[in-house]
Amino acid sequence: QVQVLESGGGSVQAGGSLRLSCSVPGNLFSLRALAWYRQAPGKQRELVARIGTDHVTRYTDSVKGRFTITRDNAKTTAYLQMNSLKPEDTADYFCNLGSRVSYGRILPGDYWGQGTQVTVSF
């Protein structure tokens, strides 16, 4: 059983910052790409950022320049640093292990965390 454990969500005012963490105990972490997704109320889940095993990163356009995804294989933990937060960033954020690329599309992997809530107020 692969555990994916998110933490770091909360409530902030617009312009503030939060850092989300995603811990995956065990050896699988360093062998798999990892991605952050988010789902706002009434909307579909969307990819926010992805980091490969080679540390190459990709971001959805709406967060470029504001969010940074990193990984620390020694700690089997990935992070999503979110700066200059906007109310439209309000969502549940999910960590996904095993993300892969197929024909140029990023597809989610098999392992999901429970999610952590981020609320950004005006």
Side-chain angles (χ1 to χ4, degrees):
Q1 185 80 10
V2 177
Q3 284 187 303
V4 180
L5 306 169
E6 302 111 332
S7 62
S11 297
V12 295
Q13 289 189 322
S17 298
L18 285 172
R19 188 177 80 156
L20 306 183
S21 298
C22 174
S23 175
V24 185
N27 297 327
L28 195 60
F29 180 87
S30 63
L31 303 176
R32 296 289 187 268
L34 188 136
W36 285 96
Y37 287 76
R38 67 186 179 187
Q39 186 167 19
K43 294 188 176 181
Q44 289 189 329
R45 190 172 295 188
E46 65 168 348
L47 175 69
V48 176
R50 179 186 188 270
I51 185 166
T53 54
D54 54 3
H55 292 250
V56 172
T57 58
R58 290 178 64 172
Y59 299 90
T60 192
D61 286 345
S62 62
V63 308
K64 285 180 181 176
R66 301 188 297 123
F67 290 12
T68 304
I69 186 171
T70 57
R71 65 188 297 159
D72 185 334
N73 287 343
K75 296 182 179 179
T76 65
T77 301
Y79 305 95
L80 185 68
Q81 178 67 44
M82 306 186 294
N83 298 329
S84 302
L85 282 161
K86 304 175 180 179
E88 51 263 43
D89 295 317
T90 295
D92 291 324
Y93 284 70
F94 298 88
C95 182
N96 175 257
L97 183 71
S99 167
R100 63 195 187 280
V101 179
S102 176
Y103 297 100
R105 290 186 61 197
I106 295 174
L107 302 177
D110 294 332
Y111 305 106
W112 292 91
Q114 300 265 4
T116 185
Q117 189 172 52
V118 171
T119 302
V120 185
S121 58
F122 288 97

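- Atom CD of Gln13 sits in a sparse spot, with 12 or fewer heavy atoms from other residues, nucleotides or ligands closer than 6.0 Å.
- Within 6.0 Å of CZ in Arg66 there are more than 12 heavy atoms belonging to other residues, nucleotides or ligands.
- Residue pairs meeting the ring pair (Phe, Tyr, Trp, His ring centres under 6.0 Å) criterion with at least one partner in residues 15-42, sequence neighbours excluded, are Tyr37-Trp112.
- Between Ser17 and Ser84, the shortest heavy-atom distance links the atoms OG-N, 4.3 Å.
- In this structure, Tyr103 shares a hydrophobic cluster with no other residue, the cluster being traced through Ile, Leu, Val, Met, Phe, Trp and Tyr side chains under 4.5 angstrom apart.
- More than 12 heavy atoms of other shown residues, nucleotides or ligands fall within 6.0 angstrom of atom CG in Asp54.
- Here Phe122 is tied to no hydrophobic group at all, with no ILVMFWY side chain closer than 4.5 Å.
- Within the structure, ring pair (Phe, Tyr, Trp, His ring centres under 6.0 Å) contacts touching residues 44-73 (residues at least two apart or in different chains) do not occur.
- Not counting sequence neighbours, the partners of Glu46 by the side chain to side chain donor-acceptor pair (under 3.5 Å) test are Arg38.
- Annotation: side chain of Val12 is not in contact with side chain of Met82 (no heavy-atom distance under 4.5 Å).
- Ion pairing of Asp89 with Lys86 is absent here, as no side-chain N (NZ or NE/NH1/NH2) approaches a carboxylate O to less than 4.0 Å.
- With a 6.0 Å radius and a threshold of 12 heavy atoms from other residues, nucleotides or ligands, Gln44 has its CD atom at or below the threshold.
- Shown here are the side chain to side chain donor-acceptor pair (under 3.5 Å) partners of Asn73, two or more places apart in sequence or in another chain: Arg71.
- Under the 3.5 Å distance criterion, the side-chain polar atoms of Glu6 are matched with a main-chain donor or acceptor of Gln114.
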